[in-house]
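I have placed the structure first, in the form of structure tokens, so that the comments after it can refer back to it.
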Amino acid sequence: MTTDLLSGLNPQQREAVSAGEGPVLVLAGPGSGKTRVLTHRIAYLIREMGISPKHIVAVTFTNKAAAEMRTRADKILGGYTDGLQIGTFHSICARLLRIEADHLDGYNRDYTIYDTDDQIKVMKEALTELNVDTKKFSPSRVLFAVSSAKNELISPAEYPSIARDYFGEIVGRAYPIYQDRMRRNNAMDFDDLLMQTVILLRDNEEVRFKYQRRYEHILVDEFQDTNTAQYRLVKMLAAPQYNVFVVGDEDQSIYAFRGADYRNVAQFRKDYPEAHVVLLEQNYRSTQIVLDVARSIIDKNKHRTPKRLFTEKEGGALVAIHEAYSEGEEGEWVVDKIRSMIRFNGYSYKDFAVMYRINAQSRALEDAFKATGVPYRLVGGVAFYQRREIKDIVAYLKVINYPGDTVSLNRIFNVPGRGIGDKTVQAFHSWVDARGKGYEEAFKALAKGELIPISGRAGKSLVEFARMIINLREMAFPSDMPSFADGSTAQTPLTVIYDEIMASTGYIGYLTEISDTPEQVTERMENLKALRGLIDSKKDLALNEFLADVSLSTDADTNTTGGDPESANNVVTLLTLHAAKGLEYPVVFITGLEDGLLPHSRSFTDADEMAEERRLLYVGITRAEQHLFVSYAFRRSLYGESMPSIPSRFLADIPAELTEGAPTKIKGMADRQAYREMTRWDSDSDDGDSFARRSSSDNGSSSSGRSKIIYFDSAAGRGSSNSSGGSISKRTPPPPPAHPPSKYKVGMHVYSPKWGEGIIIDVRRSGGDEELSIRFSSAGTKTLMASFATLRIVNQGE
DNA sequence: CTGATTACGATTTTT
DNA sequence: TCGTAATCAG
Ligand SMILES: Nc1ncnc2c1ncn2[C@@H]1O[C@H](COP(=O)(O)OP(=O)(O)OP(=O)(O)O)[C@@H](O)[C@H]1O
């Protein structure tokens, strides 16, 4: 039943998939089937070349991509994939390090992975120890430098020699101390996972040979986003056969900020001059228009080798550019568009993705989705594992796993509150240090009541805490159970451990204490329930494995609103441009195309970073299969203050004939100054001829375009000082003359930012104002005062 | 040591 | 604007 692996592929793709042994480099633009080729290559190796799946390792960029690739490979091969390893560099390294922990200097198999917050705490301690002013040299800045060093495989000892200034000198001093503290906590950061693996493979021949044999074939997706450490790892594992198959696109390199260097692609060609290079030129994803727009953006980058890319999807919809008044209206516009395309063009929610440059932008978008009940899912971001309640419980798990994890320990000493303050904690730590026998032993001694280092109430609490930890640990790893030959011990099921933590800490009660609203309590309970569900789904993992899994997953935070739960998968996707890499959607919205946002202001001063911003937009655009919508807001609030914004300079690079909508007028408007002159809408003048008004509406749709939206600003709106001046009734201004109160009629469809869409069911005069009864589709019936309600008329009703 | 109040600072992007 | 770190009273 040899379904031909090559049948669904074009000649170039076939060439790549069926290449012989040795290095292969597939270089191609977006949507040309690189990932597909990689997946088929795995199948080809197994089925046609007779390679055992366990001798193959494929590296992807996210866990999600890994899961997807595994599913696809399974499908092609009909499940014959036992032992096939697919994962991110980080997860592959984490596993390797756990298995080879005995060869590591100062770590054991129960090592934990610290997230950014944990790292900051450790770095702060290190800087304090050095008497460095953490105001002047923030832990996160120093960490960034350390991280960059690790990505370049620069050790603490080597760092000082590359330090060029005072800051570098500080880093040079902090790095070794930080590293030492990490080791004492049996903790690694993300970069350590890579660097320690490289060091281990480099220095330990036996281990190196083992993995070179094990990973006979190595495949890397998104190769342009590897950093020095990762590439080094690839090279070491690929030797001595050099069966290394990498796919990438330099124009899609968007992770330079974490050390990725697309020049690794060029380096690959130098390192393996014999490499079989394959170029793919047909794009199967997007329309010609989308590709043209993408090209117009990326062409402006210097020092790139243009790639040929064609599609059979000629023509296509023009890219619609929309100017919204604010981020709030930008969100409303997106939602309106989505709803109308679903209603009239037969799309469903899952066909849409809304993208943005920074996570903070998601909020306004979410508000719009919530208000209308359009179901959505927010991808990535900080989300789940950063939540306080989750971090608390995970910290308990970490301490049970390894009591010497001081960062986790410090977190839970007084959570829930048990009267163990900072002083007590410090005293405890120095006591443990002085004894020099480690934390587990210290807790045991304390629990037995042998020694009490601290007097009084706090001391008593500490003893109780110690007992609890010892009991939990004993419960998790019963000592009367036999140890396995490999040194690991039998372990109580994870769910039982979880339940036991909840019970012995009384965490639920604590939760109610720390929450200010009942809703918050429910939300937090929900989160804990989700955590337990997650634990349950991985219940056969060892505790240390589970913890590693948790640390390495940035898993999409699923957040569905409005829609019926049955169609949980049919939702609109909200995600950052970074998170969008590798994905594709029929309809794509890219929001916030403003100078300062995209390109981000932090990139203004650096040409390389500006080029990366451009690539980021390029990646976003090329996610679109059929429709591309681009928007920017006229006014955007940052730090709570609404600030004027300028449309992205990138917009001017898109040829006018490929676009429709608002900013056709800024095409070719290279002179920013002149542009600014035209857009002095922040002045008080109400001359009705500003750029804002002229360039608003895009197409005939009544729901989009500022000029067609009718607003009734609330009386308490901006500008009126509410201190000494006049009574409330005095401050109620007459409604705008153009739109007298009688505007509202029974049967009208209106939209309120707060309640969503509704129908007016009653209008009553009341003094100089009107009382409106509105039945909202999702919020029930409300009665609002016309002058105080911010309503938009959706349509006049019949 | 706790709890509350205030002050400040932060925003790219992610494993 | 919002969340957390620092500060202070009890
Ligand atoms: N030979 C082919 N025939 C039909 N469809 C194809 C072919 N090759 C690829 N595709 C389709 O094209 C789309 C893009 O493929 P894929 O995601 O592998 O491209 P890619 O090069 O990895 O893209 P990107 O670099 O943007 O992530 C997918 O939907 C895929 O199924």
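Here is the naming used below: chain letters follow the sequence lines, and residue numbers restart at 1 for every chain.
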DNA chain B in dot-bracket form (Watson-Crick or G-U pairs under 3.5 Å, [ ] crossing, | inter-strand) is ||||||||||.....

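Cation-pi geometry between A:Arg418 and A:Phe465 is not met: the NZ or CZ atom fails to fall both under 6.0 Å from the ring centre and inside 45° of the normal. A cation-pi contact links A:Arg649 to A:Phe604, judged by a cut-off of 6.0 Å to the six-membered ring centre and 45° from its axis. Under the 6.0 Å distance and 45° angle rule, A:Lys581 counts as a cation-pi partner of A:Phe61.
Nearest-nucleotide mapping onto DNA chain B: of A:Thr88 and A:Val425, the residue sitting toward the 5' end is A:Val425.
To the nearest angstrom, P of B:dT13 lies 18 Å from CG of A:Asp606. Counting to the nearest Å, the P atom of B:dT15 and the NZ atom of A:Lys64 are 10 Å from each other. Whole-Å rounding puts the A:Phe61 CZ to B:dT14 P distance at 12 Å. In this structure, A:Asp422 places its CG atom 11 Å from C1' of B:dC1, rounding to the nearest Å. Between the P atom of B:dT15 and the CG atom of A:Asn63 lies a distance of 7 Å, rounded to the nearest Å. We find that NZ of A:Lys135 is positioned 10 Å from P of B:dA10, with the value rounded to whole Å. In this structure, A:Phe144 places its CZ atom 14 Å from P of B:dT14, rounding to the nearest Å. For A:Leu143 and B:dT15, the CG to P distance is 18 Å, given to the nearest whole Å.
Side-chain atoms of A:Tyr255 lie closest to B:dT14 of the nucleotides B:dT11, B:dT15, B:dT14. Comparing B:dT11, B:dT15, B:dT13 against the side chain of A:Thr62 picks out B:dT15 as the nearest. Checked against B:dT14, B:dT15, B:dT11, the side chain of A:His578 finds its nearest nucleotide in B:dT14.
Listed pair A:Thr576 / B:dT14 meets the phosphate criterion, a side-chain N or O lying under 4.0 Å from OP1 or OP2.
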Steps toward salt bridge (Lys or Arg N to Asp or Glu O under 4.0 Å) verdict (A:Glu250, A:Arg263): CA-CA 8 Å; A:Glu250 284 139 303; A:Arg263 286 174 305 184; over 6 Å; no

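Using a 4.0 Å heavy-atom distance criterion, A:Thr424 is classed as a sugar-phosphate-only contact. A:Ile420 comes within 4.0 angstrom of the backbone, heavy atoms only, and of no base. Residue A:Gln361 is classed as having no contact, given no heavy-atom separation below 4.0 Å to the nucleic acid. Among the atoms of the strands shown, only primed sugar atoms or phosphate atoms (P, OP1, OP2) are found under 4.0 Å from some heavy atom of A:Asn414.
In the 5' to 3' direction, nucleotides of DNA chain C lying under 4.0 Å from heavy atoms of chain A begin and end at C:dT1 to C:dC2.
Just one of A:Asn227, A:Thr228, A:Thr226 meets the side-chain hydrogen bond (donor to acceptor under 3.5 Å, both in side chains) condition when paired with A:Asn264; it is A:Thr226.
A:Gln179 and A:Asp192 share a donor-acceptor pair across their side chains, judged by distance under 3.5 Å alone. Side chains of A:Asp110 and A:Asn544: a donor on one and an acceptor on the other come within 3.5 Å. In summary, the side chains of A:Glu327 and A:Ser637 do present a donor paired with an acceptor at a separation below 3.5 Å, with no hydrogens or angles considered.
In summary, the aromatic rings of A:Phe223 and A:Tyr231 are positioned with their centroids under 6.0 Å apart.
A:Pro30 approaches A:Tyr618 most closely through the heavy-atom pair CD-OH, 3.2 Å.
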